[in-house]
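I have placed the structure first, in the form of structure tokens, so that the comments after it can refer back to it.
The sequence lines fix the lettering, A, B, ..., with proteins before strands; numbering per chain opens at 1.
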Amino acid sequence: MKQIHVIESVLKAAETAAGENRRLLDQAGLLAINLMSAPGSGKTTLLENTIPALGPDCPCAVLVGDLQTTRDAERLGPLAVETVQINTGKGCHLTPGQVAEGLRRLDLSRFAFLFIENVGNMVCPAAFDLGEHLRVVLLSIPEGDDKVAKYPTLFQKADVVLLTKVDLLDILDFDVSRVRQDLSRLNTRAPFFEISSKRGDGMDRWLAWLNDRRQARSKASR
Amino acid sequence: MHEMAIASEIVDCLLDIAGRYKAARIGEVEVEIGRMRQVVPEALEMAFSAAVVGTVAEGATLKLREIDVSAVCNDCGAAYSPDIDVSFMCPSCGHANPRITAGDDIVLRNITCDVDEEYRYEADPRD
């Protein structure tokens, strides 16, 4: 038996693919946002309300990752300029290679925003860079106020945290201060917005954040 | 359960190295796993033993070493080692705005393998 000494990142292929995605997105001058959360926390509903509100000056494309079905793409299709559904089969997260394939199906120069709706999962998506510019993490009221502390890595990586379905605060026991307290230990960089896609609460702050980040991005790339 | 994806990345790297060194069989594989990667060692071992079937790495043993997370505070510049299951707070300024400097990678270290004695290894420009 011979011993071979190597120092080789196992993630090299994934990192190269993510870097290539980021280069293409930068070149096209759009802002790419990776949405991560548990299943059912309102990622698709958020996009259904965000895309029309951004208006015709900000055309959006969406890559939707799900194990099965094209249901999310069917919901978003009429709203987004273009939607690509990626079925991951048994995969619990989107990979940079799958995103690269999705990007090849889009004319990136047409868009202001690309939303990447990751597979609903609070563990695996956090471990994979897809080449996005920013990460949005959602937590919905029905999931409970203990989830930030339970999934520290996901919340640590967020560039913005959205507490969704706040219209349910009146009927469910949920302590928002507990979430804020947990976030103060994990991530003081990300702004925290309380929103309800359904009722419209906080949507103005979320939209203003998106537009700010987009402007900052286009200034930086000039 | 992203361990299966990571196991197949490890096997891809191994097959690439085995090809470069003309290895006929791989014995032991040392891999360092950063704790930021949220890998369950037992799950990775199980996934690895499934992913190697039918390759030169079939039967190889995986030796895993977990690497603790190191960080530098983006706000005050202090270096620290967060206990990532609980907190990323900087002990010097109290903010949780770290840049991770270690413990965020998965690295293949040493591999033992049977190589063809006739084959004389010449340095690969990639090494």
Considering only heavy atoms from C-beta outward, does the side chain of [X] approach that of [Y] to under 4.5 Å?
| X | Y | result |
| --- | --- | --- |
| A/Cys92 | B/Met4 | no |
| A/Leu11 | B/Arg37 | yes |
| A/Lys2 | B/Asp114 | no |
| A/Lys12 | B/Asp12 | no |

Could you measure the distance from the [atom1] atom of [X] to the [atom2] atom of [Y]? Nearest 0.5 Å is fine.
| X | Y | atom1 | atom2 | answer |
| --- | --- | --- | --- | --- |
| B/Asn110 | A/Ile7 | CG | CD1 | 9.0 Å |
| B/Met89 | A/Ser184 | CE | OG | 6.5 Å |
| A/Leu183 | B/Phe88 | CG | CZ | 12.5 Å |
| A/Asn187 | B/Ser87 | CG | OG | 11.0 Å |
| B/Glu3 | A/Cys124 | CD | SG | 7.0 Å |
| B/Glu30 | A/His5 | CD | NE2 | 9.0 Å |

- Taking all atoms of both residues into account, what is the closest heavy-atom pair of B/Ala96 and A/Gln156, and its distance?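 For B/Ala96 versus A/Gln156, the nearest heavy atoms are O-NE2, 4.4 Å.
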- Message: For the interface with chain A, which of B/Ile84, B/Leu14, B/Val31, B/Val86 has the highest count of heavy-atom pairs at distances below 4.5 Å?
- Response: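 Option with the top pair count is B/Val86.
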- Message: Tell me which of these, B/Ile111, B/Thr112, B/Ile17, B/Val39, has more heavy-atom pairs under 4.5 Å with chain A than the rest.
- Response: B/Ile111
More than 12 heavy atoms of other residues, nucleotides or ligands under 6.0 Å from [atom1] of [X]: yes or no?
| X | atom1 | result |
| --- | --- | --- |
| A/Met203 | CE | yes |
| B/Glu28 | CD | yes |
| A/Asp173 | CG | no |

- Under a 4.5 Å heavy-atom cut-off, does chain B meet the side chain of A/Lys150, its backbone, both or neither? neither
- Pick one of side chain, backbone, both or neither for A/Thr95, based on which atoms fall under 4.5 Å of a heavy atom in chain B. neither
